[in-house]
Amino acid sequence: MKYEKLESIKGFLHGGDYNPDQWLDRPEILDEDIRLMKQAGVNVVTLGVFSWSSYEPTEGVFQFDWLDSMMDRLYENGIHVILATPSGGKPPWMAKKYPETMRMREDRVRHHYSDRENQCNSSKIYREKVRIIDEKLAERYHNHPALIMWHISNEIYGTCHCPQCQENFRAWLKQKYGTIEELNRQYWSRFWSHQYSDWSEIESPAAGIGEQAVHGLILDYKRFYSDLTVDFIRQEIQAIRRYSRDIPVTTNTFHHDCGVNLADLAKELDVASWDLYPRWHCGDDKTTEWDCAVSASFDLDYCRSMKRQPFYLMESVPSVPSQFAVCKLKRPGMHLLSSIQAIASGSESVQYFQWRKGRGGYEKFHGAVISHNGSGETRVFRDVCKVGRVLKEWKEIKGAVTESKVALVYDWENFSALAGQVSLKNKKKNFREMVQEYYGALLKQYVSVDIISQNDDFSGYQLLIAPNLYLFRDETPEKIRRFVEEGGNVILSVYSGLVNENDLAYEGYPPHGLNDVFGIRSEEVDSLCDDEYNTITYRGKSYRVMDYCDLLQEDGAEPMAFYERDFYKGMAAVTRHSYGRGTAYYVAGHMEEAFLVEFLSDVIRKAGITPILEVPYVSDVMVKERKKNGTRYLFLMNFSMETRTIRVGEHDHVLDGYGWEILKQC
Ligand code: GLA
Ligand code: ZN
């Protein structure tokens with residue numbers, strides 16, 4: 001029932017953010033928009049993302065006539081609507097009358113009215129105003145035939161440190177710890193005399209002027225604010241649900257570290273969606289087009305994994321955003337290729353920010369489908385039309401799923417803790433990079449990858465890779481043990497299993513609770529300067545190891561690679577240990593990608609995982625697949641400007657520069 005209308009659209013969604021309230025005095029522009037949308041194969045627009053001041057120009061005075069006629073006209077022209085709640089941007093009267101709706105910075109300075117997405121998520125009056133406007137929208141449009149999805153707020157991110165948020169933080173802590181003694185125990189607060197005698201003494205952490213020394217507190221504040229934000233979104237969903245029960249809701253997420261644990265947020269949503277703006281063509285000698293494609297693919301796979309279902313690419317840009325350091329145009333072919341990449345990764349849509357450039361405002365030069373020239377006779381418009389045609393041609397793929405036997409653990413709490421802790425290397429930590437490098441090496445194996453958190457269900461995967469999983473929640477060691485016991489393969493890497501969920505170091509040797517599963521004990525970790533490296537030898541070849549070298553005590557594991565330099569020359573750098581019916585691997589350092597490619601290929605083969613394509617990696621060619629009713633759709637994508645050839649079965653497939661092909665196999 002909930003997805004009926006959405007699913008009634010046969011084929012992918014193609015369209016994007018449309019802000020017609022900027023042109024209400026120019027009816028000829030609105031007519032032209034609809035004409036051009038039809039020409040471009042647009043079948044959906046997202047309305048009202050920042051329209052609050054057009055709906056409620058002064059407090060309590062509402063006007064929806066323009067939206068009524070817009071929704072009707074779009075529908076008459078075969079264009080559906082994703083309707084947003086406007087809480088991402090508020091009218092100036094709000095801040096003037098209710099300054100407490102504005103966010104307070106870490107240094108306890110309140111924002112003046114400005115920008116957008118800077119509200120306090122604790123503010124009762126803000127929540128109330130949001131509830132009113134959301135209910136009005138839901139009541140008025142829930143039955144509108146154009147409506148297919150609700151879009152809650154916009155790219156929610158950030159934190160607030162106002163007195164109300166401090167109060168709520170203390171209440172959250174009370175709920176978590178029960179007593180101040182327990183909080184003190186978990187925060188190890190005798191150190192530097194930080195023992196709290198009363199809840200009222202607790203303040204949110206703040207760089208420069210506030211607490212930075214109690215890592216458990218820093219982590220808890222992030223968790224608290226994430227919970228608060230999820231609650232804010234939940235309240236918006238409830239307001240919508242009061243009148244509209246059978247239309248799915250989403251919110252457009254855009255960053256893994258936006259101040260919200262997206263794994264928690266995903267539970268509130270019917271479908272996941274993502275805004276993606278890769279920096280195509282901006283590579284220097286360190287970042288290639290392939291690197292950019294890997295990082296875009298990571299975000300897309302991440303979004304699909306949020307609900308382990310197809311998702312929606314809610315925003316992208318057909319030309320170039322305006323906020324990059326260097327705003328390079330998408331080269332011919334790249335718009336279509338990057339749109340295919342989204343579909344290949346499980347997206348049900350290609351949508352843009354935005355349809356038409358406004359004449360003023362911060363983003364007046366941000367790429368859009370229609371530029372200030374107002375013309376459909378442009379390269380960008382032709383590119384968008386081409387995407388429209390290809391999406392139509394391949395509409396049967398909509399609904400096809402991605403099946404992954406490999407999961408990469410990229411856990412918000414873990415990375416929040418790693419960012420806060422002090423040790424090893426404190427400037428260039430490179431922990432997130434390490435996860436991306438494993439991911440990049442996996443793409444070169446041509447396997448599908450889910451990106452999950454340690455709280456997720458591991459069953460169904462054959463290989464679990466958890467690079468630097470520093471923070472183990474209480475239940476994690478047992479989950480990993482069971483996974484291996486039952487035949488799973490797991491890879492942990494340096495600096496894993498050191499602290500509990502409050503960043504309190506575990507007693508004993510890392511990885512906590514798993515020494516017998518891995519057959520190793522981590523005794524100490526050496527850190528290397530940015531321009532230093534050690535080397536390891538693996539299957540007769542030498543590879544670099546950077547940043548971190550874990551020195552292991554072996555206790556049953558079989559060493560697979562050895563350090564070649566320094567005082568730990570000859571010690572194990574990679575180990576393998578059989579446990580139950582599975583295998584546990586430990587990678588002791590930050591290895592160069594060439595090693596990861598070799599090593600993962602060996603592990604994947606040994607684990608019996610069937611790749612999408614059993615061919616060696618062809619430089620710059622990404623391969624993905626989606627499956628539906630016994631049919632497999634294979635996506636071959638060339639991220640180089642040069643021609644590439646890849647073999648599928650008996651045939652060589654030649655892909656031009658930025659070329660792609662979709663193969664249908666029944
Ligand atoms: C985000 C926002 C949009 C717009 C784009 C610009 O994705 O949601 O409103 O600002 O960035 O790239
Ligand atoms: Zn606040």
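For this chain, numbers begin at 1 and follow the sequence in order. Because only heavy atoms are used, hydrogens play no part in the values below, and waters and symmetry mates are left out as well, while side chains stay in. Just so you know, ligand 1 is whichever comes first in the structure, and atom 1 is the first atom listed for that ligand.
For the Zn ion (ligand 2), the neighbouring protein N/O/S atoms at less than 2.8 Å, given as residue and atom, are Cys120 SG, Cys160 SG, Cys162 SG, Cys165 SG.
Within the structure, ligand 1 lacks Phe254 among the residues with a heavy atom less than 4.0 angstrom away.
Judged purely by atom type and a 3.5 angstrom limit, Ser114 uses its side chain to pair as donor or acceptor with the backbone of His112.
Contacts of Phe50 with ligand 1, taken as heavy-atom pairs under 4.0 Å, involve the side chain alone. Heavy atoms of Gln323 found under 4.0 angstrom from ligand 1 belong exclusively to the side chain. Contact annotation: for Asn154 versus ligand 1, heavy atoms closer than 4.0 Å belong to the side chain alone. Contacts with ligand 1 closer than 4.0 Å are made by no heavy atom of Met314, backbone or side chain.
Across Glu155, Arg116, His366, Gln354, heavy-atom proximity to atom 9 (O) of ligand 1 is greatest for Arg116. The heavy atom nearest to atom 7 (O) of ligand 1, considering only Glu363, Glu315, Glu117, is found in Glu315.
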### Task
Could you give me the CA-CA distance, side-chain angles and deciding distance for Arg626 and Glu348, then say whether salt bridge (Lys or Arg N to Asp or Glu O under 4.0 Å) is met?
CA-CA 11 Å; Arg626 288 177 75 168; Glu348 302 284 64; 2.7 Å; yes
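Electrostatic pairing of Lys307 and Asp270 does not count as a salt bridge here, judged by no charged N lying under 4.0 Å from a carboxylate O.
Relative to the ring axis of Phe232, Arg127 does not place its NZ or CZ within 45° and under 6.0 Å from the centre. A cation-pi arrangement is present between Lys136 and Phe62, with the terminal nitrogen or guanidinium carbon under 6.0 Å from the aromatic centre and inside a 45° cone about the axis.
With hydrogens and angles left out, the side-chain atoms of His335 and Tyr658 include no donor and acceptor closer than 3.5 Å. Checked by atom type, the side-chain pair Ser204/Gln166 shows a donor-acceptor distance below 3.5 Å.
Annotation: side chain of Leu13 is in contact with side chain of Ile148 (closest heavy-atom distance under 4.5 Å). The shortest side-chain heavy-atom distance between Asp275 and Glu155 falls under the 4.5 Å cut-off.
Residue Asp17 has no N or O atom closer than 3.5 Å to an N or O atom of ligand 1.
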Pair up each side-chain donor or acceptor in residues 44-55 with any protein partner under 3.5 Å, not counting sequence neighbours, and list the distances.
unit_1, atom_1, unit_2, atom_2, d
Ser51, OG, Asp21, OD2, 3.1
Trp52, NE1, Glu56, OE1, 2.8
Ser54, OG, Asp21, OD2, 3.0

